Every structure is written in C-alpha cells, then in structure tokens.
**Q** 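My questions will all concern the structure given below.
It should be emphasised that the depicted structure is a prediction, and the values quoted were computed from it without experimental measurement. Note on naming: letters A, B, ... go to the chains in the order of the sequence lines (proteins, then strands), and numbering restarts at 1 for each one.
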2 protein chains.
Amino acid sequence: MALPFTLKELDPSGYLVRQGERAEFTCVLLSGFAYRQKIVGDGGRQIVALQVPGDAVDLQNSLLKIADHSVQALSAITMARIPRKALLEIAATHPRIAHAFWLDTLVDGSIAWEWIANIGRRDALMRLAHLLCEIALRLEVVGFHEGEAHKLPMTQEQMGDALGLTTVHVHRMIKQLERSGLIVRDKRTIAILDEHRLREVADFQRAYLHLNLLDD
Amino acid sequence: MALPFTLKELDPSGYLVRQGERAEFTCVLLSGFAYRQKIVGDGGRQIVALQVPGDAVDLQNSLLKIADHSVQALSAITMARIPRKALLEIAATHPRIAHAFWLDTLVDGSIAWEWIANIGRRDALMRLAHLLCEIALRLEVVGFHEGEAHKLPMTQEQMGDALGLTTVHVHRMIKQLERSGLIVRDKRTIAILDEHRLREVADFQRAYLHLNLLDD
DNA sequence: CGCTTCGTTGAACTGGGTCAACGCGTGTGG
DNA sequence: CCACACGCGTTGACCCAGTTCAACGAAGCG
C-alpha cells in the first residue's frame with residue numbers, strides 16, 4: 001500500500017497491456033477478470049492465461065522490456081497501476097516482498113505447464129472440464145463463494161481460444177457435460193453441479209495451483 | 001560460486017526431480033539436456049519444458065514444497081546440486097541475485113506461454129518447425145556453434161510428447177520438412193539447412209525467449 | 001425495433017490418431 | 001563372434017475427434 005498507484009477502469013476487451021508496447025506500469029486487478037493472449041501467424045488466437053482479482057497482471061511484461069503478448073479485460077475491471085520503477089525499487093529493498101513476487105511468477109509458470117498438458121494430451125471434454133474446475137477453484141480462493149463461483153463472463157469463443165478448440169466444439173462439449181448432470185446453465189453462465197465428478201472427468205489435481213504456499 | 005554444491009552425474013532418463021517428492025536441492029545443469037514432464041490421467045505424457053546447460057532446473061520445485069511434476073535427463077548430464085536453504089538465503093540477502101532468479105522464472109513462464117500457443121493453435125508442421133527453431137536458438141545462446149546446434153538427443157516419441165502429437169505423425173512431419181529442403185537428417189540427428197525459411201514456416205518470433213535481458 | 005453479438009445445430013470434411021507390420025543398428029550374453 | 005532382443009525409426013491403411021461451413025435463433029443495446 002505504500003507504493004504509488006493510480007486507479008483505472010476498463011471496459012470489456014480493453015487493453016491492460018498491448019503487445020509490442022513497453023510497459024511502464026504493473027497492474028493489479030482489483031475487480032473483474034482479464035486474459036493474456038497471443039496471436040499466431042495465421043491470425044489464430046490463443047488465450048494463455050486467465051487473471052482473477054488480486055492478480056498482479058504485469059510483473060511479467062514490466063520486467064521484460066517489450067511485451068510479447070497482450071492482456072485484455074474479460075469483464076469491466078478496475079485496477080491499480082503501479083509505476084514499474086517503484087515496483088522494482090521495493091523489490092530491491094525488501095527481500096520478503098521480492099520473494100513474494102518471485103513466488104507469484106512461479107505459480108503463473110506452474111499453471112502454464114498444466115495448461116500445456118491439458119491442451120497437449122487431454123481430449124476436448126476433459127479440457128473443458130479442467131478449465132471449469134480451475135476457474136471455480138481460483139475464484140473461490142479469492143473470495144467468491146461457491147455458488148457464484150462460475151460467473152466468469154467468458155464466451156464460448158473465448159473458452160475455445162483458451163483450450164485450443166473451436167466455438168462449435170466447445171458448445172458440443174458444454175452440452176455433453178450438461179447432459180451428464182455435471183453442470184447446469186442459465187443463459188450465459190455455467191454452474192457446477194457435481195464438482196467431485198467433474199474433477200474426475202477433468203483429471204483435475206489442484207497441486208499445480210500451489211494454494212498452500214501461505215502455510216509455509 | 002560461493003554457494004555450497006555437490007556435483008552429480010545422471011544417465012539418460014535419470015530423475016533430477018521426481019513428482020511428489022519434496023525437493024531439498026536446486027540443480028544447475030552443467031552439461032547435457034533435461035525435460036520436464038507431466039503425466040495425465042490416462043497415462044499420456046506431456047513434456048512441458050526443455051532445459052539446456054546453464055539452466056537452473058529447480059528454482060521452481062524447490063520453492064513450492066512438493067514437486068507437481070518430474071524432471072528427467074534427456075542425455076547423460078552433469079549437474080550441481082545446491083541446497084534449497086542456501087539458495088533462499090542468498091536470494092534473501094542479495095537483491096540483485098534475487099532479481100536474477102525472478103527473471104529466470106519469468107522467462108520460463110514466457111516460454112511456457114509460447115508453447116501453449118504453439119500446441120493450441122498451430123498445425124503439426126508448424127509446431128515441429130517451431131520446436132526446432134527454439135532448440136537451435138537456445139543451444140546457440142549457450143555456446144553450441146551453429147552447425148552442431150541440433151545434436152539434441154531427442155527421440156521422435158519425445159518430440160511428440162513435447163508437441164502433443166504421436167510418434168507416427170512427428171515422423172511424417174520430419175519427412176515433410178526434409179522433402180522441402182529445410183532440414184537434413186543423419187541417422188538420429190537433425191540439422192537445419194535453411195533457418196530463415198524454417199522460421200517462416202514455424203511462425204517463429206524470438207521475442208518470447210527474452211534473450212536481450214542482459215543488455216538492460 | 002433493427003443490429004450486433006453470441007449461442008445452436010446439422011452435414012460434410014480432414015488432420016492427425018490408431019493399428020500393425022517391418023527394418024535397422026546397437027548392445028549383450030552365451 | 002554370432003544370434004538375438006530391444007529400442008527406435010518407417011510405412012501404409014483405415015478411422016475418428018474435432019474442424020469447417022453455413023444457417024438460424026435469441027438476447028441485449030442504442
């Protein structure tokens with residue numbers, strides 16, 4: 001809290017970081033959701049990470065000179081922007097804070113590795129189930145209580161881009177999960193009915209989220 | 001160099017870190033190659049990262065209590081094992097070293113995100129070409145000169161597990177690259193003939209490797 | 001109240017997987 | 001020193017999960 005910051009709001013699909021820009025600020029998400037995406041040569045889009053409230057979304061790019069990907073708002077968001085310099089300064093003078101930044105980055109990496117395994121080696125149904133499990137758990141951790149842990153405003157297209165699938169196929173998998181009684185849908189929100197069975201379908205092991213870091 | 005360490009050698013497919021174990025040491029690869037892998041529910045394997053000489057292979061797991069994946073030797077390797085405690089100690093007392101560890105972790109994460117995009121949104125030919133480009137460049141950076149930058153002893157099965165493909169299809173793609181004159185093979189090694197065209201095929205942009213960190 | 005964005009659905013298609021067999025080199029034990 | 005086994009590469013035929021294309025529907029918004 002001692003750091004200087006400015007508050008900023010953003011509409012859905014507004015840019016927190018734009019690919020190719022030099023990031024002068026690190027953003028901390030206060031409310032709302034965001035995603036990181038990469039555009040590949042043929043115009044295809046891949047979402048490589050999701051950010052929930054409390055995440056520091058640009059420890060990454062602010063250290064690495066030029067951003068090699070973009071971060072966009074998924075919903076309307078509010079964020080605190082901290083000058084890159086102040087952040088590096090405090091990391092350099094407060095080892096425990098530096099350690100915390102490092103851990104945060106480490107967990108992001110661990111999640112990315114799980115996503116690689118998810119996309120590379122699981123079929124569409126498992127992938128989708130896995131994503132839903134991850135989202136639900138991460139939202140719970142940051143204080144959404146269980147029942148509403150599914151209000152992440154993602155379109156089927158965005159889910160597809162996160163899972164390496166097409167919209168059409170995401171839709172079919174959603175319906176299949178629904179038919180199996182694992183989820184229910186209401187308009188554009190998904191709620192998990194049977195978290196235990198969903199995790200079995202998804203082959204979901206929560207270890208990779210490293211939620212137990214605090215009790216170290 | 002002031003840190004205490006013990007040297008250790010390992011044969012191909014020996015474990016540097018075993019999933020589920022508590023890592024008491026961080027390893028620095030001195031020679032040889034290694035890979036990180038995850039096993040998914042149905043027994044499938046996904047290689048989520050490659051490590052080349054000079055890499056600190058377990059900054060990750062040594063901070064995060066229990067390893068959520070394994071690291072295995074790809075070739076015969078030698079490594080220095082540094083006690084976890086000594087490493088954290090030096091990070092806590094030397095901000096510039098802590099900063100370097102953080103950066104190293106950040107780059108690992110950046111590479112993982114590129115892999116997600118590669119597996120999620122590129123077809124088999126591009127994926128393979130991309131992997132070859134990354135390997136060649138990373139090996140060059142750590143001092144293998146260009147001609148021999150391809151002696152990574154990976155089997156086609158391992159490439160498949162890194163790319164989310166099967167052995168059979170990796171083989172077909174290798175042959176296709178060969179027919180196009182982009183690579184040549186001699187027994188079990190691959191050499192890049194036309195790096196420029198290969199990068200075009202691969203949609204390879206080196207930014208994600210963040211090789212320019214040193215000139216900051 | 002029309003436009004736009006997203007969801008829904010079916011039919012046809014294909015990239016990559018599966019299966020199964022064979023080939024080649026290397027190491028090993030008799 | 002040879003026979004055999006084992007690991008890896010190679011190849012073809014067939015198959016299927018997921019894509020593509022195309023059309024329509026439903027909700028939100030200005």
Side-chain angles (χ1 to χ4, degrees), chain A residues 11-14 35 40 42-47 72-76 118-131 150-179 183-191 201, chain B residues 11-13 40 42-47 72-76 118-131 150-179 183-191 201:
Chain A
D11 289 330
S13 88
Y35 59 91
V40 305
D42 64 356
R45 176 175 75 157
Q46 177 70 42
I47 291 178
Q72 274 182 278
L74 199 52
S75 60
N118 200 35
I119 296 174
R121 285 293 179 227
R122 289 198 264 254
D123 66 24
L125 191 70
M126 295 176 81
R127 275 188 229 182
L128 174 62
H130 197 279
L131 180 67
H150 325 292
K151 298 235 175 99
L152 189 74
M154 266 182 115
T155 65
Q156 292 179 2
E157 185 182 11
Q158 287 162 340
M159 291 185 211
D161 285 341
L163 296 169
L165 297 170
T166 56
T167 316
V168 174
H169 206 59
V170 167
H171 176 247
R172 289 200 271 249
M173 296 301 103
I174 288 177
K175 282 194 64 180
Q176 188 172 331
L177 287 178
E178 195 179 23
R179 273 201 308 278
I183 61 173
V184 279
R185 287 180 306 149
D186 174 48
K187 309 206 173 175
R188 288 179 188 169
T189 62
I190 293 179
V201 168
Chain B
D11 288 330
S13 89
V40 305
D42 65 354
R45 176 175 75 157
Q46 178 69 43
I47 292 178
Q72 276 183 276
L74 198 53
S75 59
N118 200 35
I119 296 173
R121 285 291 179 227
R122 288 198 264 255
D123 67 23
L125 191 71
M126 294 175 82
R127 277 188 227 180
L128 174 61
H130 198 279
L131 180 67
H150 325 291
K151 298 236 175 99
L152 189 74
M154 265 182 117
T155 65
Q156 292 179 3
E157 185 182 12
Q158 288 162 339
M159 290 185 213
D161 286 340
L163 296 170
L165 297 170
T166 56
T167 317
V168 175
H169 206 60
V170 167
H171 177 247
R172 291 198 273 244
M173 295 301 103
I174 289 177
K175 281 193 66 181
Q176 189 172 330
L177 287 179
E178 196 178 24
R179 271 201 309 278
I183 61 173
V184 279
R185 288 181 305 149
D186 174 46
K187 307 206 172 175
R188 287 177 190 171
T189 63
I190 293 179
V201 168

**Q** Rounded to the nearest Å, what distance is computed from the CG atom of residue Leu165(A) to the C1' atom of nucleotide dT20(D)?
**A**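 Value for this atom pair: 14 Å.
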**Q** Do Gln176(B) and Met173(B) touch side chain to side chain, with heavy atoms closer than 4.5 Å?
**A**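 The answer is yes, as the side chains (C-beta and beyond) meet within the 4.5 Å cut-off.
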**Q** Is Arg121(A) reaching over with its side chain to a backbone N or O of Arg45(B), donor-acceptor style, under 3.5 angstrom?
**A**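 Checked: pair present.
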**Q** Quick one: Ile119(B) CD1 to dG17(C) C1', roughly how many Å, whole number?
**A**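 From Ile119(B) CD1 to dG17(C) C1': 16 Å.
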**Q** Find the distance Arg122(A):CZ to dG17(C):C1' and express it as a whole number of Å.
**A**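 Whole-Å distance recorded here is 19 Å.
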**Q** Counting distance alone, no hydrogens or angles: does the base of dG17(C) have a donor or acceptor under 3.5 Å from a partner atom on the side chain of Arg172(B)?
**A**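 A donor-acceptor contact between them is present.
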**Q** For dG7(C), take OP1 and OP2 only and decide whether either is under 4.0 Å from a side-chain N or O of His171(A).
**A**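 Looking at the OP1 and OP2 atoms of dG7(C), neither is under 4.0 Å from any side-chain N or O of His171(A).
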**Q** So what does Arg185(A) hit on the nucleic acid, given a heavy-atom distance under 4.0 Å: a base, only sugar-phosphate, or nothing?
**A**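 Result for Arg185(A) = sugar-phosphate.
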**Q** Rounded off to whole Å, could you give me the CE-to-C1' distance for the Met154(A) and dT5(C) pair?
**A**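 To the nearest whole Å, that distance equals 17 Å.
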**Q** Could you tell me whether Gly164(B) contacts a base, only the sugar-phosphate backbone, or nothing, with contacts defined as non-hydrogen atoms closer than 4.0 Å?
**A**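 Sugar-phosphate contact only - Gly164(B) comes under 4.0 Å of backbone atoms but never of a base.
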**Q** Tell me the closest heavy-atom pair linking Arg127(A) and Arg122(A), and the distance in Å.
**A**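 Arg127(A) and Arg122(A) have their closest heavy atoms at NE-O, 2.9 Å.
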**Q** Roughly, in whole Å, what's the span from CD in Glu157(B) to C1' in dG7(D)?
**A**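 The answer, rounded to whole Å, is 10 Å.
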**Q** Nearest-Å distance, CG (Asp11(B)) to P (dG27(C))?
**A**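 Between P of dG27(C) and CG of Asp11(B): 14 Å.
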**Q** Would you tell me if any nitrogen or oxygen in the side chain of Lys175(A) comes within less than 4.0 Å of OP1 or OP2 on dG7(C)?
**A**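 Answer no for this pair, as no side-chain N or O of Lys175(A) is under 4.0 Å from OP1 or OP2.
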**Q** Is the phosphate of dT8(C), meaning OP1 or OP2, less than 4.0 Å from a side-chain N or O of Gln156(A)?
**A**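 It does, given that an N or O in the side chain of Gln156(A) lies less than 4.0 Å from OP1 or OP2 of dT8(C).
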**Q** Nearest-Å distance, CG (Leu125(B)) to C1' (dT14(C))?
**A**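 Nearest whole value for this atom pair: 16 Å.
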**Q** Any sub-3.5 Å donor-acceptor pair from Gln72(B)'s side-chain atoms to Ser13(B)'s backbone N or O?
**A**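 Flag set: sc Gln72(B) to bb Ser13(B) pair under 3.5 Å.
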**Q** Can you tell me how far C1' of dT10(D) sits from NE2 of His169(B), to the nearest Å?
**A**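 In whole Å, dT10(D) C1' lies 15 Å from His169(B) NE2.
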**Q** Tell me the closest heavy-atom pair linking Gln46(A) and Ile119(A), and the distance in Å.
**A**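 It is NE2-CD1, 3.7 Å.
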**Q** In terms of the nearest nucleotide of DNA chain C, which residue is placed more toward the 5' end: Arg121(A) or Arg188(A)?
**A**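 The residue closer to the strand's 5' end, by nearest nucleotide, is Arg188(A).
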